[in-house]
Number of protein chains: 4
Amino acid sequence: MAAATRLFSERGYDRTSVQEIVEAAGVTKGALYHYFGSKDDLLHEIYGRLLRLQQDRLDGYADADEPVEARLRRAAADVVVTTIDNLDDARIFFRSMHQLSPEKQKQVRAERRRYHERFRDLVAEGQRRGVFNAATPPDLVVDYHFGSVHHLSTWYRPDGRLSPQEVAEHLADLLMRALRP
Amino acid sequence: MAAATRLFSERGYDRTSVQEIVEAAGVTKGALYHYFGSKDDLLHEIYGRLLRLQQDRLDGYADADEPVEARLRRAAADVVVTTIDNLDDARIFFRSMHQLSPEKQKQVRAERRRYHERFRDLVAEGQRRGVFNAATPPDLVVDYHFGSVHHLSTWYRPDGRLSPQEVAEHLADLLMRALRP
Amino acid sequence: MAAATRLFSERGYDRTSVQEIVEAAGVTKGALYHYFGSKDDLLHEIYGRLLRLQQDRLDGYADADEPVEARLRRAAADVVVTTIDNLDDARIFFRSMHQLSPEKQKQVRAERRRYHERFRDLVAEGQRRGVFNAATPPDLVVDYHFGSVHHLSTWYRPDGRLSPQEVAEHLADLLMRALRP
Amino acid sequence: MAAATRLFSERGYDRTSVQEIVEAAGVTKGALYHYFGSKDDLLHEIYGRLLRLQQDRLDGYADADEPVEARLRRAAADVVVTTIDNLDDARIFFRSMHQLSPEKQKQVRAERRRYHERFRDLVAEGQRRGVFNAATPPDLVVDYHFGSVHHLSTWYRPDGRLSPQEVAEHLADLLMRALRP
DNA sequence: AATGAATGAGTGTTCATTCAT
DNA sequence: AATGAATGAACACTCATTCAT
């Protein structure tokens with residue numbers, strides 16, 4: 001999976017052959033197919049790994065005993081750091097969704113929706129409580145923020161000027177300022 | 001090109017065969033290759049078309065004789081509308097960049113950088129004049145906004161609740177609020 | 001024809017496309033097909049040109065009023081010089097015969113046989129007269145010599161140490177020595 | 001390889017499709033490409049096979065404990081027999097060299113040069129010892145002889161009047177006579 | 001558990017030739 | 001006389017997957 005993740009991220013799912021994966025991993029095709037039913041399965045596992053990770057972290061922040069502003073801010077910043085820390089997974093996630101088989105795509109979409117909704121509920125809660133500006137539909141706020149998270153895999157370079165934490169702080173600041181009443 | 005655009009957007013560049021394109025377009029392979037040097041060339045043309053369109057529109061707004069807040073707001077909203085109006089192109093743009101040949105990719109990146117810089121200069125100008133919050137590096141502000149534009153091709157549905165203009169107003173509002181001093 | 005000759009010699013007949021020929025010649029496909037019925041025709045013309053040239057020269061030497069040794073020697077040396085002077089044609093000749101259409105191949109073979117026979121008759125005449133060693137069948141002597149002529153297109157370089165005349169003298173010497181009684 | 005050899009010899013390398021090879025061999029394309037990296041590879045293997053065979057035989061004769069005249073004569077005759085015995089390989093060799101990829105061509109040329117040099121050294125040795133005529137540069141002598149060997153694939157027919165051994169004796173005689181002091 | 005030879009349908013691309021203009 | 005768009009069959013090669021061992 002590590003080999004597949006690196007290769008999928010580098011050249012894209014369709015441009016990576018099973019032969020290249022097994023060579024990079026130092027195993028044989030037979031062995032790969034013994035553990036994964038298909039190439040598509042490999043991709044699905046990568047999706048699952050990232051989705052579980054992000055969901056767990058979001059749940060942790062959302063359930064915390066803090067004001068909603070603090071909870072949203074932490075969650076918004078954390079997803080940035082986690083995405084940068086798993087940039088290969090993230091790049092695959094946003095680029096290769098349509099290359100999953102329809103049924104697996106459906107499943108991934110469902111998990112992603114759960115994630116989106118949890119995040120949206122934080123926004124909606126803040127709007128209800130009057131601590132956030134209610135002019136924008138909360139779904140749109142979430143898409144606004146996650147667009148920028150998604151976009152990280154396009155422009156972020158580990159050797160750039162800003163650390164993951166700094167980027168996370170800036171992006172969380174932008175979100176929180178956009179939500180000021 | 002219309003047939004190719006639709007198919008690339010639907011199933012992705014690598015999943016679309018030249019055979020499918022020519023069948024959808026009602027021409028023969030020979031005819032296609034008479035006008036386009038390669039499949040990659042087709043993709044490049046689609047990129048060029050969208051890039052020119054967006055650049056022209058941005059230039060129009062940036063050069064206008066208005067306060068910088070108004071110019072940035074109009075540009076930020078317009079790119080949303082234009083993206084939604086060309087959602088197939090946009091989906092291809094964000095998904096298939098890495099499937100372009102390296103030299104064409106370089107060229108596209110250069111044009112995209114020009115676009116980014118023009119937009120960034122508006123942000124920087126507002127920050128210099130003190131009408132925008134200067135806490136966030138202007139490049140990051142641009143990536144924040146364009147992340148959400150990029151993301152549109154993932155979630156926006158023409159039959160959804162919000163019209164392109166409404167989405168554009170909301171997203172531009174979010175940006176302007178995030179930039180309030 | 002000059003463009004085609006150069007290209008056929010450089011990359012071989014099958015590796016040269018009609019498109020490349022017309023581009024090199026600065027004409028269009030339509031124009032080429034106006035004057036030549038097919039690509040194969042072009043090749044045939046090149047064959048014809050060289051065959052006529054060599055046959056004319058051989059006839060000139062064979063008909064001369066000299067002892068047979070002198071006539072053979074001159075003919076043997078001259079074909080070397082003429083081949084080197086038309087090395088592109090010669091390379092095409094020996095390499096691409098099998099790429100001619102069957103009927104054109106037949107025709108070329110017939111002309112070549114005439115050429116071979118004329119040369120062979122000189123050898124046979126010398127053997128009858130007792131000035132040449134008669135141990136070797138004259139056809140074989142001709143193939144021996146023409147093998148080396150054929151081979152020139154493989155190894156001869158215009159910038160090499162030996163001039164065409166020097167090579168010709170050496171090869172004619174070898175032949176004449178091999179024919180000493 | 002047997003199927004490929006026959007087909008390449010019959011219709012030429014470029015005129016033989018991989019499809020035809022696999023059909024003649026009774027295997028599938030996939031199977032062929034499992035063992036050979038490319039069509040070019042197949043050709044290269046055929047070259048290698050003939051080159052190794054000829055080099056081994058030449059080395060055997062050149063290293064023998066005999067006067068140089070005898071060693072050269074045997075080598076010169078043997079290459080004729082071996083060439084006739086492998087006439088398909090030989091025809092491919094002389095006709096299709098330029099269809100090999102540049103780097104493989106380079107390699108083949110290098111091996112061929114080794115072969116040429118070994119042969120040439122026998123000629124030079126005889127010239128030094130005074131048993132051969134020294135008027136002709138030894139490289140040219142070798143090209144003279146190998147031209148005729150090369151040429152065999154053009155004219156020799158197994159059902160002709162002369163057996164391989166007879167042809168070999170005649171051609172070796174011609175060479176030895178040409179080299180008499 | 002693991003191998004790797006084999007499959008067969010599919011890929012993007014090329015090309016000599018034609019023909020309406 | 002000349003154009004160049006169009007054809008359509010062919011090309012070398014790839015690849016996810018299977019399966020006997």
Side-chain angles (χ1 to χ4, degrees), chain A residues 4 7 11 13-23 25-43 99 101, chain B residues 4 11-23 25-43 99 101, chain C residues 4 7 11 13-23 25-43 99 101, chain D residues 4 11-23 25-43 99 101:
Chain A
L7 288 167
R11 351 133 109 59
Y13 176 77
D14 278 328
R15 303 269 166 120
T16 303
S17 73
V18 172
Q19 190 57 45
E20 287 169 328
I21 297 168
V22 299
E23 270 163 27
V27 300
T28 62
K29 275 193 191 177
L32 176 74
Y33 275 94
H34 189 71
Y35 292 104
F36 297 93
S38 64
K39 188 185 171 190
D40 186 78
D41 242 35
L42 257 172
L43 182 57
Q99 284 150 336
S101 71
Chain B
R11 347 133 112 62
Y13 176 78
D14 278 329
R15 301 274 167 119
T16 304
S17 73
V18 172
Q19 191 57 48
E20 289 168 327
I21 296 168
V22 300
E23 271 163 25
V27 299
T28 62
K29 273 193 196 181
L32 175 72
Y33 276 94
H34 188 71
Y35 292 102
F36 298 94
S38 63
K39 187 185 171 191
D40 185 78
D41 240 37
L42 258 173
L43 182 56
Q99 283 150 337
S101 72
Chain C
L7 288 166
R11 347 130 109 66
Y13 177 78
D14 278 328
R15 302 268 166 122
T16 303
S17 73
V18 172
Q19 190 59 46
E20 287 168 328
I21 296 169
V22 300
E23 271 164 26
V27 300
T28 61
K29 274 192 191 180
L32 176 73
Y33 275 93
H34 187 72
Y35 293 102
F36 297 93
S38 64
K39 189 186 171 190
D40 186 75
D41 242 33
L42 259 173
L43 183 56
Q99 283 151 337
S101 70
Chain D
R11 348 133 113 59
Y13 177 77
D14 278 329
R15 300 273 166 117
T16 304
S17 73
V18 172
Q19 191 56 47
E20 288 169 327
I21 297 169
V22 300
E23 271 163 25
V27 299
T28 61
K29 268 193 203 181
L32 175 72
Y33 277 95
H34 189 71
Y35 292 102
F36 298 93
S38 63
K39 188 185 170 189
D40 186 77
D41 241 36
L42 258 172
L43 182 56
Q99 283 150 337
S101 72

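In this text, all values refer to a predicted model and were calculated from it rather than measured experimentally. Letters A, B, ... mirror the listed sequences (proteins, then strands); counts begin at 1. Because only heavy atoms are used, hydrogens play no part in the values below, and waters and symmetry mates are left out as well, while side chains stay in.
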Original post:
Reckon B:Phe36 touches a base, only the sugar-phosphate, or nothing at all at heavy-atom distances under 4.0 Å?
Top reply: nothing
Original post:
More 5' along DNA chain E: D:Thr28 or A:Leu32, using each one's nearest nucleotide?
Top reply: A:Leu32
Original post:
To the nearest angstrom, how far is D:Tyr35 atom OH from E:dG4 atom P?
Top reply: 11 Å
**OP:** Kindly write out the residues that satisfy side-chain hydrogen bond (donor to acceptor under 3.5 Å, both in side chains) with D:Asp41, not counting sequence neighbours, or none if the list is empty.
**Re:** D:Lys104
Original post:
Residues in side-chain hydrogen bond (donor to acceptor under 3.5 Å, both in side chains) with A:Ser101, at least two apart?
Top reply: A:Asp40
Subject >> OP1 or OP2 of F:dA5 under 4.0 Å from side-chain N/O of B:His34 >> reply: yes
**OP:** Return one dot-bracket line describing DNA chain E 5' to 3' (Watson-Crick or G-U wobble pairs, both distances under 3.5 Å; ( ) same strand, [ ] crossing, | another strand, . none).
**Re:** .||||||||||||||||||||
Subject >> Rounded interatomic separation in angstrom, taking CD from C:Glu20 and C1' from E:dT14 >> reply: 11 Å
Original post:
What's the CG-C1' distance between B:Leu43 and E:dG12, to the nearest Å?
Top reply: 14 Å
**OP:** Please state how far atom CD in C:Glu23 lies from atom P in F:dG4, giving the value in whole angstrom units.
**Re:** 12 Å
Subject >> Distance in angstrom units between D:Asp41 CG and F:dT14 P, rounded >> reply: 11 Å
Original post:
Which whole-number value in Å describes the distance from C:Arg11 CZ to E:dT14 P?
Top reply: 14 Å
Subject >> Counterpart residues, side-chain hydrogen bond (donor to acceptor under 3.5 Å, both in side chains), relative to A:Gln19 (two or more places apart) >> reply: A:Glu23, A:Lys29
Original post:
How does protein contact run along nucleotides 16-21 of chain E, one letter per nucleotide 5' to 3', with B for base contact, S for sugar-phosphate only, - for none, heavy atoms under 4.0 Å?
Top reply: BBB---
